[in-house]
Amino acid sequence: MKSITDTLEQRISQAIGKVTGQKGCPALVSVSKNPKFGDYQVNGVMAAAKKMKTNPRQLAEQIVEELDLDDICQPPEIAGPGFINLRLKDEFVAGRLLEINSDKDRLGIEKVKMPKTVVVDYSGPNIAKQMHVGHLRSTIIGDCISRMVEFEGHIVVRQNHIGDWGTQFGMLIALLKEQYPDILENPGSVEIADLEGFYQEAKAKSDNNEAFTQTARDEVVKLHNHDKDTITIWQHIVDESRKHYLPIYQQLSVTLNTKDERGESFYADKLADVVEQLKAKKLAVESDGAMCVFPGDFKNKDGEPLPFIIQKSDGAFLYATTDLAAMRFRIDELKADKIIYVTDARQSLHFQMLFETAKMAGWTNDDINLMHVTFGTMLGTDGKPFKTRTGGTVKLKDLLEEAVQRATAAVEEKNPDLPAEQKKQIAKAIGIGAVKYADYSNNRNSDFIFSFDKMLAMEGNTAPYMQYAYARIKSIERKAEDNGVNTQNKLTGIKQLAFTEEAEKELAKMLIRYDQAIAVAAEECRPNYLTSYLYDLAQSFSRFYNACPVLKASSDQRAVRLLLCDLTARTIKHGLTELLGIEVVEQM
RNA sequence: GUCCCCGUAGCUCAAUUGGAUAGAGUGUUGGCCUCCGAAGCCGAAGGUUACAGGUUCGACUCCUGUCGGGGAUACCA
């Protein structure tokens, strides 16, 4: 079914067009902030009046004359300088709820009619090292974007642009060869249990031992020349590394898989061609020994044109080259209509130059939407970059473990009598959910202060609050079941409902807005719009819960209220598990 | 120097991109459990949206400038 905002937007825009005789005067329908102004408000009349050089209130009256919204709204009201305020009819709201109720999978939300191919580039860990907190935001924000866009009905191609080809692999290969001289005979027998330790060891040796440094350099050259033995060892390191980061994706309920990996190594043999073509197009020129493109009018600190360096003076390629190759692959082979890059804000200049260069080269055009989705830095409670007490980087694994541990303590305190296995599962859902939700609920552009205490707080806009709201509803349904009322049986095939209490209506109106929340969050790539909606919904439910007894209500009322409970639970569950990748629990 | 992001209640943050009286949480404070899970709900207090101009019916939002914080800025990614 079509979203209410879209329906209203369409009909009212049409009426505006008819009255003014002009195209391009959108109705600009939005949800009213203040209930005094109804449920939805039309903001576009003032702009249209300006265009027509006419009185906005009069224009609004003419538009209202022309409007037929009787099936949806009560008679529209004109207010202020020329707003049109709309109040939904109870019957319409009830009808919507019944439609949502009858669609178990998609809660009545239509798929887009014209699916696009959307490439989402996110996570992208440097796999020589263990994943640390710096990877968290890209990983989960990108995952939520992928899930939302996919749910809308677009074709999402996830791309995990892993760092698997850098110079650091030279020293890892050299060290592995040194420690296990017979590794080539049986690479599978060698395990790297402590990836980070192994990296540190290689780095220390590289810093202090010239002979080793030279060997490492030689290995890089061999790697890039596809030397068979070196490639074998490299592949082994990649495989070992994968054993470390795939479980973290799994723990985070991140949808990335091995098949989504398309890292630096994949593009390695496409880089020379990128440079050749840019040279042929006369875009790349030599400057200070390096091959550079000078896109746009970016300046360096001396006020001179800023180069986008695609080949170093020693002949090596850089991430600019790789990103250009990747963009060509995504547009030419993956047929991307849109590419979303989820990386921190510090890389914004790089992406501006990348996009500009690709445009100059004719590798992309205005039909392809290139979007750099930025996010701020993760800070500690002291406001400084998030580090361990000793100043090291925080490993993602440790961070998640601590979150689960803290959640375990909370569950133990609140609900000690649950079976141990269930407590464990709840603690995991709460702990991991808290970490993810805290990040999602923040505006991604702001720097984000990481605080276990805040995110695990049981009150406020947190994962536990959302999970609690869900668990409470499930508790009602269990109680109903005990009284011989099966909620699903009761609600299947329900044909009509009537609201009696204000709290019921408020909750119902929240429920029918879920599609709009997803649409906006996906469009802007802002998960916090979604969490914000879910939180409003949960609060709306809590008010309803306090005001309207469900099980003790009369039979008719009970049916309406059970439906409201069930749809709330399904919406929260869908939002959390399907779109945010956060588990819900039946009890907590 | 140039460019980008940010500056909103004591604190942590929103504000659907130009809409009406700037909202939540937390903290402070007053109330609500013989009633479906109080990890909850209702109320009070708390603001010159850093500052100064400008654009217009209307500005936290757009433009100009100033102050303050962060980041980027030639061969790491």
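Labels below follow one simple rule: chain letters A, B, ... track the order of the sequence lines, proteins then strands, and each chain is numbered from 1.
Backbone-only contact: A/Gln539 has heavy atoms under 4.0 Å from sugar-phosphate atoms and none from a base. As judged by a 4.0 angstrom heavy-atom cut-off over every strand, A/Ser542 is placed among residues touching the sugar-phosphate backbone only. Among the atoms of the strands shown, base atoms are found under 4.0 Å from some heavy atom of A/Pro549. When heavy atoms are screened at a 4.0 angstrom cut-off, A/Phe37 is found touching base atoms of the nucleic acid. Residue contacts for A/Asp323: at a heavy-atom cut-off of 4.0 Å it reaches no nucleic acid atom on any strand shown. Across all strands shown, A/Thr322 has no heavy atoms under 4.0 Å from either base or sugar-phosphate atoms. Looking at heavy-atom distances under 4.0 Å, A/Asp344 makes no contact with the nucleic acid at all. At the heavy-atom level, A/Leu318 lies under 4.0 Å from the strands shown only through sugar-phosphate atoms. Looking at heavy-atom distances under 4.0 Å, A/Tyr535 makes contact with sugar-phosphate atoms alone, never a base. Residue-level contact check: A/Gln41 touches the bases, meaning some heavy atom is under 4.0 Å from a base atom.
Distance A/Met353 CE to B/A77 P: 15 Å, rounded to the nearest Å. Between A/His350 atom NE2 and B/A77 atom P there is a gap of 10 Å when expressed in whole angstrom units. Taking atom NE2 on A/His372 and atom P on B/G71, their separation rounds to 17 Å, with Å as the unit. The distance from atom NZ of A/Lys33 to atom P of B/A59 is 13 Å, rounded to the nearest whole Å.
When atom types are taken as modelled, the side chain of A/Asn55 and the backbone of A/Arg57 share a donor-acceptor pair closer than 3.5 angstrom. Remark: the backbone N or O of A/Met291 is not paired with any side-chain donor or acceptor of A/Gln311 at under 3.5 angstrom. With hydrogens and angles disregarded, no donor-acceptor distance shorter than 3.5 Å links the side chain of A/Arg217 to the backbone of A/Gly170.
For A/Asn126 and B/C76, the shortest distance from a side-chain N or O to OP1 or OP2 is not below 4.0 Å. Phosphate proximity of B/A38 to A/Tyr465: absent, as no side-chain N or O sits under 4.0 Å from OP1 or OP2. Contact between the side-chain N/O atoms of A/Lys479 and the OP1/OP2 oxygens of B/G37 is found at a separation under 4.0 Å. Close to B/U16, at under 4.0 Å from its OP1 or OP2, lies no side-chain N or O of A/Thr5. Within the structure, a side-chain polar atom (N or O) of A/Arg543 is placed less than 4.0 Å from OP1 or OP2 of B/C42.
Among residues two or more places apart in sequence or in another chain, the salt bridge (charged side-chain N to carboxylate O under 4.0 Å, His left out) test is passed with A/Asp344 by A/Arg346.
Across every strand in view, B/G1 sits in a pair with B/U73 that passes the Watson-Crick or G-U test at under 3.5 angstrom. Under the Watson-Crick or G-U wobble criterion, with both distances below 3.5 Å, B/C36 is left unpaired in every strand shown. Remark: B/A44 base-pairs with B/U28; criterion is Watson-Crick or G-U wobble with both hydrogen-bond distances under 3.5 Å. Within the shown strands, nothing qualifies as a pairing partner of B/G58 under the Watson-Crick or G-U definition with both distances less than 3.5 Å. Under the Watson-Crick and G-U wobble criteria, each requiring two contacts below 3.5 Å, nucleotide B/U8 is left unpaired. Remark: B/A20 base-pairs with no nucleotide in the shown strands. Criterion, Watson-Crick or G-U wobble with two distances under 3.5 Å.
Rounded to a whole angstrom, the distance from the C1' atom of B/A24 to that of B/A9 is 11 Å. Using atom C1' as the reference point in both B/A15 and B/G70, the two lie 23 Å apart (nearest Å). When the P atom is used for both B/C35 and B/G30, the distance is 25 Å, rounded to whole Å.
When distances run from any side-chain atom of A/Asn443 to the nucleotides B/G71, B/G40, B/A15, the shortest one goes to B/A15. In the set B/C57, B/G40, B/U17, B/U17 carries the atom at the smallest distance from any side-chain atom of A/Tyr529. Taking only side-chain atoms of A/Ile449, from C-beta outward, the nucleotide of B/A74, B/G37, B/U12 with the closest atom is B/U12. Closest to the side chain of A/Arg526, out of B/U17, B/A38, B/A74, is B/U17. Listed candidates were B/C36, B/G19, B/U73. Nearest to the side chain of A/Tyr545 is B/C36. Closest to the side chain of A/Asn528, out of B/C36, B/A15, B/A77, is B/A15. Of the candidate nucleotides B/U56, B/A72, B/A39, B/A39 has the atom nearest to the side chain of A/Met588.
At a cut-off of 3.5 angstrom, counting only N and O atoms as typed in the model, there is a donor on one side and an acceptor on the other between the side-chain of A/Tyr319 and the base of B/A77. Side-chain atoms of A/Asn85 and base atoms of B/A20 include a donor and an acceptor less than 3.5 Å apart. Under 3.5 Å, the side chain of A/Ser287 and the base of B/A74 form at least one donor-acceptor pair of N or O atoms. For A/Glu523 against B/U16, a side-chain-to-base donor-acceptor contact under 3.5 Å is absent.
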Quiz item: Given the rule in the side chain to side chain contact (heavy atoms under 4.5 Å, CB included) test, do A/Trp165 and A/Leu223 qualify, once you have shown the distances and angles that lead to the verdict?
Solution: CA-CA 9 Å; A/Trp165 204 246; A/Leu223 181 67; 3.8 Å; yes
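A salt bridge links A/Glu477 with A/Lys474; the closest basic N to acidic carboxylate O contact falls under 4.0 Å. Taking a cutoff of 4.0 Å between a charged side-chain nitrogen and a carboxylate oxygen, A/Asp515 and A/Lys2 do not qualify as a salt bridge.
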